[in-house]
Structure formats: structure tokens, C-alpha cells
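Structure first, commentary second.
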Amino acid sequence: MNSSFGFGLLSIRIMAGITFIAHGIPKFYDVSGGYKFFQSVNLPAELFIPIALLEVIGGLAILFGVLTRIAAGLLIIEMIGAILMVKFSKGFVGGYEFELLLISIGITLVIMGPGKISIENYILKREIFPRGKQLYQKTYSSRADKI
């Protein structure tokens with residue numbers, strides 16, 4: 001993999017991680033309000049705490065580059081749910097454009113992995129789930145053979 005991709009993912013991971021953490025932590029300040037909000041959009045109130053935990057723990061995983069693909073995949077599912085259950089009726093601008101941006105960042109992280117500067121690659125010396133990286137290398141190495 002080109003080293004610029006490996007290092008370029010760091011800024012994406014940092015901002016995505018901070019964003020999810022920043023949206024997850026405040027949910028714990030007003031749990032009863034969160035339960036009421038979930039009920040108002042016809043979601044089970046019991047999902048509020050797991051979603052808040054997912055945003056904080058998933059954000060930390062992405063930020064530090066540990067289980068990045070799994071965390072990004074779960075957060076993609078959450079963002080799709082947020083769009084379908086809450087944001088879609090508001091339209092694109094002022095509605096679900098932010099969630100789509102987070103989904104696209106998540107897709108990038110699922111495909112490319114955490115990058116070179118991450119706990120997985122820097123400390124463990126390997127990705128825990130490297131499938132996307134292997135697919136990327138096969139695709140671009142086979143194209144190079146044809147040229």
C-alpha cells in the first residue's frame with residue numbers, strides 16, 4: 001500500500017473518533033431526556049444507552065486505531081438508522097448530510113483499515129482484521145500486472 005494512504009488515514013480517524021465521542025458523551029448527561037427522545041421517534045428507549053456507549057467506545061476505537069473496521073462498521077449501521085428513523089424527513093441540507101459524511105468516512109475505514117499510525121499497526125505490528133487491506137492489494141497489484 002502506498003505510504004501516503006497509511007498516514008493519510010490518521011487525520012480521518014482522529015476527526016471521526018473525536019466526532020463520535022463528542023456526540024456520545026453528552027448523552028450520558030441527560031439519560032431521561034434521551035429515553036424520551038427515543039420514544040418520540042418510535043425507537044425503544046432501551047436502545048439509548050447502547051447507542052451512547054457505541055458512540056463513545058467506537059469513537060475511542062477509531063481514534064486509537066484498535067478494531068477500527070468493526071467499530072466503523074457498527075457506527076455505519078447506527079448512522080443509517082439515524083437517517084432512516086430521524087433525519088430523512090428533514091431533507092439533505094440540515095438533515096442527513098452529516099450522517100452521510102460519517103458513513104462515507106466509516107466506509108473508508110472499513111475498506112482501508114486504521115492506517116500506519118495506529119495501535120494495531122504500530123504496537124501489534126498487524127491489523128486484527130486485515131481483509132480489506134488484502135482486497136485492496138490484490139485489486140491494485142493485478143491492475144499493475146496488466147499495464
Just list the side-chain donor-acceptor pairs under 3.5 Å for residues 103-112, sequence neighbours left out, or say none.
from: Ser104; atom 1: OG; to: Leu101; atom 2: O; distance (Å): 2.7
from: Thr108; atom 1: OG1; to: Ser104; atom 2: O; distance (Å): 3.0

May I have the list of side-chain donor-acceptor pairs in residues 70-83 shorter than 3.5 Å, sequence neighbours left out?
none

Original post:
What's the shortest heavy-atom distance between Pro26 and Ala22, and which atoms?
Top reply: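 In terms of heavy atoms, the two residues are closest at CD-O, 3.0 Å.
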
Original post:
Which heavy atom of Val86 sits nearest a heavy atom of Ser89, and at what distance?
Top reply: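 Scanning both residues completely, I find the closest heavy atoms to be O-OG, 3.8 Å.
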
Subject >> Common cluster, Met15/Ile12, ILVMFWY with side-chain heavy-atom separation under 4.5 Å >> reply: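 Not linked; separate clusters.
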
Subject >> All ring-ring contact (aromatic ring centres under 6.0 Å, His included) counterparts of Phe98, not counting sequence neighbours >> reply: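 Phe98 satisfies ring-ring contact (aromatic ring centres under 6.0 Å, His included) with His23 once adjacent residues are dropped.
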
Original post:
What residues, two or more places apart in sequence or in another chain, satisfy ring-ring contact (aromatic ring centres under 6.0 Å, His included) together with Phe92?
Top reply: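 Per chain and number, Phe92 pairs via ring-ring contact (aromatic ring centres under 6.0 Å, His included) with Tyr96.
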
Original post:
Quick one: ring-ring contact (aromatic ring centres under 6.0 Å, His included) pairs with a partner in residues 57-85, sequence neighbours left out?
Top reply: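 Output for this query is empty, none listed.
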
Original post:
Given side chains that start at C-beta, do those of Leu63 and Arg13 come closer than 4.5 Å, heavy atoms only?
Top reply: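 Sidechains of Arg13 and Leu63: no contact.
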
Atom pairs and distances, side-chain donor-acceptor, residues 36-57, under 3.5 Å, sequence neighbours left out:
from: Ser40; atom 1: OG; to: Phe37; atom 2: O; distance (Å): 2.6
from: Glu55; atom 1: OE1; to: Gly24; atom 2: N; distance (Å): 3.3
from: Glu55; atom 1: OE1; to: Lys27; atom 2: NZ; distance (Å): 2.9

Original post:
Considering residues, nucleotides and ligands other than Phe88, do more than 12 of their heavy atoms fall under 6.0 Å from its CZ?
Top reply: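 Result for CZ/Phe88: open.
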
